[in-house]
2 protein chains.
Amino acid sequence: MNPTLTTRLANLRARMAETGTDLVVIGPSSHMLYLADLSPHGDERPVLLMVSPTFAGFLMPALNVDSARQHTDLPFFPWADADGPDAALKDLLSATGVPASPSIVLDETMRTDFALLVLDALPGARRRFTQDTVGYLRSRKDDAEYDALKKSAVLNDAAMAAGFAALRPGITEYEVATVIRDFYKAHGATTEFCSVCFGPNGAFPHHHTGDTRLKDRDAVLIDTGGRIHGYPSDMTRVGYFGSKPQGFEEIHAILDRAVTAAIAAARPGVPASAVDKAARDVITEAGYGPNFLHRTGHGLGIDVHETPYITATSPTVLEEGMVFSIEPGIYLQGRFGLRLEEIVIIRNGKAEILSEMPRTAIAGG
Amino acid sequence: MNPTLTTRLANLRARMAETGTDLVVIGPSSHMLYLADLSPHGDERPVLLMVSPTFAGFLMPALNVDSARQHTDLPFFPWADADGPDAALKDLLSATGVPASPSIVLDETMRTDFALLVLDALPGARRRFTQDTVGYLRSRKDDAEYDALKKSAVLNDAAMAAGFAALRPGITEYEVATVIRDFYKAHGATTEFCSVCFGPNGAFPHHHTGDTRLKDRDAVLIDTGGRIHGYPSDMTRVGYFGSKPQGFEEIHAILDRAVTAAIAAARPGVPASAVDKAARDVITEAGYGPNFLHRTGHGLGIDVHETPYITATSPTVLEEGMVFSIEPGIYLQGRFGLRLEEIVIIRNGKAEILSEMPRTAIAGG
């Protein structure tokens with residue numbers, strides 16, 4: 001096993017001891033990629049990684065054994081299509097030495113049928129999800145992960161600039177997104193997501209990029225992220241075409257102050273909820289509290305959304321190495337919606353922004 | 001609601017009555033697309049469609065309400081990031097009129113945390129997955145679905161031909177896959193998956209297409225599928241480069257006989273397991289039983305893998321309108337692996353092949 005994975009497995013077992021966990025059960029997911037560098041063929045055939053204090057191994061469909069063996073040296077408990085997974089699962093659970101009525105951690109992202117296979121095999125198990133084990137470990141990035149996220153963010157700055165540079169009368173949201181997607185591809189990255197919103201479409205926080213055409217005085221919102229060397233980016237910038245729509249400047253300034261306040265609040269030892277509050281207070285005091293429809297941010301690592309979540313009720317206390325978005329938004333139905341998003345890392349006692357692109361409104365046309 | 005969705009919801013309620021089901025719970029998935037034509041923004045925020053005999057509605061993150069409203073007129077029970085989903089879920093369950101200790105159906109594909117939210121809110125629920133409700137309805141394709149799958153299959157024939165036509169000395173598996181992906185794109189389709197295997201790589205049923213270069217006397221296996229107008233294709237053909245590797249002709253002939261036998265066995269009223277047996281018997285009698293590592297097939301519809309599964313132990317009895325793959329394979333470690341795959345529909349009392357491409361081995365170079 002490579003040294004990074006050996007360290008991660010040891011760190012997981014230390015967290016398991018601290019949290020009284022008997023068994024961690026992981027499906028095909030970013031958790032499995034993080035712990036075992038394995039991205040198995042994803043279909044309805046159960047694949048599970050189980051880690052106990054004394055054992056780690058995989059439930060694995062027989063037809064994928066040879067292919068998966070090239071990626072991991074952990075033991076496999078194979079099962080054939082004709083037999084189903086029950087007997088192999090029983091053998092694997094036995095190998096883990098899991099006690100009766102165990103305390104188990106389930107991968108919250110895995111398919112329901114995978115998880116219920118395990119719960120049905122372990123009646124009396126107390127269960128929780130990964131937030132204080134694998135999720136916690138993943139939230140504190142090491143130096144290699146910092147470097148990868150920084151590179152990904154800087155590439156994304158250029159992709160964002162290319163998107164805004166493409167604005168011209170009558171271009172569609174989809175065409176601008178294609179410019180950005182092509183930019184990622186030309187630079188060895190893949191598109192993680194790309195949301196382009198013109199005018200009133202920006203008032204839907206998860207608008208589907210479509211065939212709306214750009215008009216004069218449209219607000220423009222681009223929220224985009226690529227992935228390179230395994231790590232994603234995520235950034236939102238806003239601008240306008242021709243001249244600024246009524247009210248744009250005021251809303252943009254409020255959001256910029258909200259981002260600045262949240263970044264100032266984000267330090268080791270501070271609750272994530274205080275970061276949410278710092279951004280939210282600025283917006284509420286400006287009279288737009290009801291128009292800020294969502295949490296302030298989410299963690300970013302192998303996944304674009306992961307621990308820690310920056311919400312009013314988050315139990316997380318920030319620590320060195322944590323990476324997350326700060327992305328307050330104000331949505332004005334029928335007019336426009338704006339959002340400004342930075343990815344920050346808690347590093348050397350403060351929140352460092354990964355992007356090098358100003359949050360200034362970008363004038364198109 | 002459009003007439004197709006109205007019909008599907010009525011059919012679901014009829015199946016719920018026949019199976020004594022009080023509540024069907026669906027996550028963001030192909031099941032939700034089938035029942036409600038909604039593909040919600042997929043993240044860690046719970047989205048659930050619940051259908052009872054008297055009610056249907058969505059648990060929905062508040063920030064997606066406006067965007068989702070454009071796609072469905074079913075009622076929403078929105079929840080804000082600051083509050084979490086518990087209260088909205090309680091209201092939704094109450095609106096469904098679900099009794100105490102209900103019999104519920106869970107979407108087997110949804111995230112574990114979504115499903116456990118429901119199970120924790122319904123202590124005493126008896127649960128099963130969708131196989132005899134939504135899965136059953138989806139397995140019997142209507143005429144519009146047949147047309148869509150037929151068109152997708154015929155386009156895939158041309159994509160397959162383009163892939164084999166690209167073979168030349170030293171080309172990589174990845175480059176051949178790129179030819180096929182580009183073909184889909186140029187014809188308005190998207191790539192669903194594309195597996196290209198040269199030589200011994202074909203012996204891994206789920207080999208990851210990579211940088212292996214084509215050599216003389218390599219067996220070539222291409223298993224590929226695109227998606228157009230919402231419906232996918234899936235087909236495997238094999239060939240060789242230069243001259244045939246030792247044993248290729250024998251194995252190819254056995255597989256072709258196995259496909260023919262399975263197709264002959266597939267009729268309404270026949271168990272899916274008899275179709276598996278028909279293919280398997282040919283291979284076993286030829287002495288290669290242990291080298292046929294997997295089931296004979298899987299259903300194909302909105303998903304590339306769905307009900308019915310064609311396995312030795314499948315409980316499914318075939319009916320008119322069912323669409324599935326027949327794909328026996330023989331894998332010879334260190335040498336090559338071959339598989340021949342057809343998609344068939346049970347139609348007018350027999351199995352009709354959707355592809356129009358012969359299963360002949362394709363000579364490259």
pair [X]-[Y]: side-chain heavy atoms closer than 4.5 Å:
| X | Y | result |
| --- | --- | --- |
| Met50(B) | Leu59(B) | no |
| Val282(A) | Leu255(A) | no |
| Leu119(B) | Leu116(A) | yes |
| Val275(B) | Ile326(B) | yes |
| Phe114(A) | Pro28(A) | yes |

Subject >> Top contributor to chain A interface from Pro205(B), Ala312(B), Gly84(B) [non-hydrogen pairs under 4.5 Å] >> reply: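 Looking at each of Pro205(B), Ala312(B), Gly84(B) in turn, Pro205(B) comes out on top.
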Subject >> For the student: nearest non-hydrogen atoms of Leu221(B) and Gly337(B), plus distance >> reply: CD1-O, 3.6 Å
Subject >> Closest heavy-atom pair and its distance - Pro85(B), Pro46(B) >> reply: CG-CG, 4.1 Å
Can you list every donor-acceptor pair under 3.5 Å that links chain B to chain A?
unit_1, atom_1, unit_2, atom_2, d
His41(B), NE2, His206(A), NE2, 3.2
Glu44(B), OE1, His305(A), ND1, 3.1
Glu44(B), OE2, Arg295(A), NH1, 2.9
Glu44(B), OE2, Arg295(A), NH2, 2.6
Glu44(B), OE2, His305(A), ND1, 3.2
Asn64(B), OD1, His206(A), ND1, 2.5
Asp66(B), OD2, Gln333(A), NE2, 3.1
Ser67(B), OG, His206(A), O, 3.4
Asp81(B), OD2, Arg295(A), N, 2.6
Glu108(B), O, Thr112(A), N, 3.2
Glu108(B), O, Asp113(A), N, 3.2
Met110(B), O, Thr112(A), N, 2.9
Met110(B), O, Thr112(A), OG1, 2.7
Arg111(B), O, Thr112(A), OG1, 3.4
Thr112(B), N, Glu108(A), O, 3.2
Thr112(B), N, Met110(A), O, 2.9
Thr112(B), OG1, Met110(A), O, 2.7
Thr112(B), OG1, Arg111(A), O, 3.4
Asp113(B), N, Glu108(A), O, 3.2
Asp120(B), OD1, Arg127(A), NH2, 2.6
Asp120(B), OD2, Arg127(A), NH1, 3.3
Arg127(B), NH1, Asp120(A), OD2, 3.4
Arg127(B), NH2, Asp120(A), OD1, 2.5
His206(B), O, Ser67(A), OG, 3.4
His206(B), ND1, Asn64(A), OD1, 2.5
His206(B), NE2, His41(A), NE2, 3.2
Arg295(B), N, Asp81(A), OD2, 2.6
Arg295(B), NH1, Glu44(A), OE2, 2.9
Arg295(B), NH2, Glu44(A), OE2, 2.5
His305(B), ND1, Glu44(A), OE1, 3.0
His305(B), ND1, Glu44(A), OE2, 3.2
Gln333(B), NE2, Asp66(A), OD2, 3.1

Original post:
What part of Ala80(A) gets closer than 4.5 Å to chain B, counting heavy atoms only: side chain, backbone, both or neither?
Top reply: neither
Original post:
How long is the gap from CD1 on Ile330(A) to CD1 on Ile283(A), to the nearest 0.5 Å?
Top reply: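 Reported to 0.5 Å precision, the distance equals 4.5 Å.
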**OP:** Can you tell which part of Leu106(B) gets under 4.5 Å to a heavy atom of chain A, answering side chain, backbone, both or neither?
**Re:** side chain
Original post:
Among Val304(A), Val65(A), Leu63(A), which residue forms the greatest number of heavy-atom pairs with chain B at distances under 4.5 Å?
Top reply: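 Looking at each of Val304(A), Val65(A), Leu63(A) in turn, Leu63(A) comes out on top.
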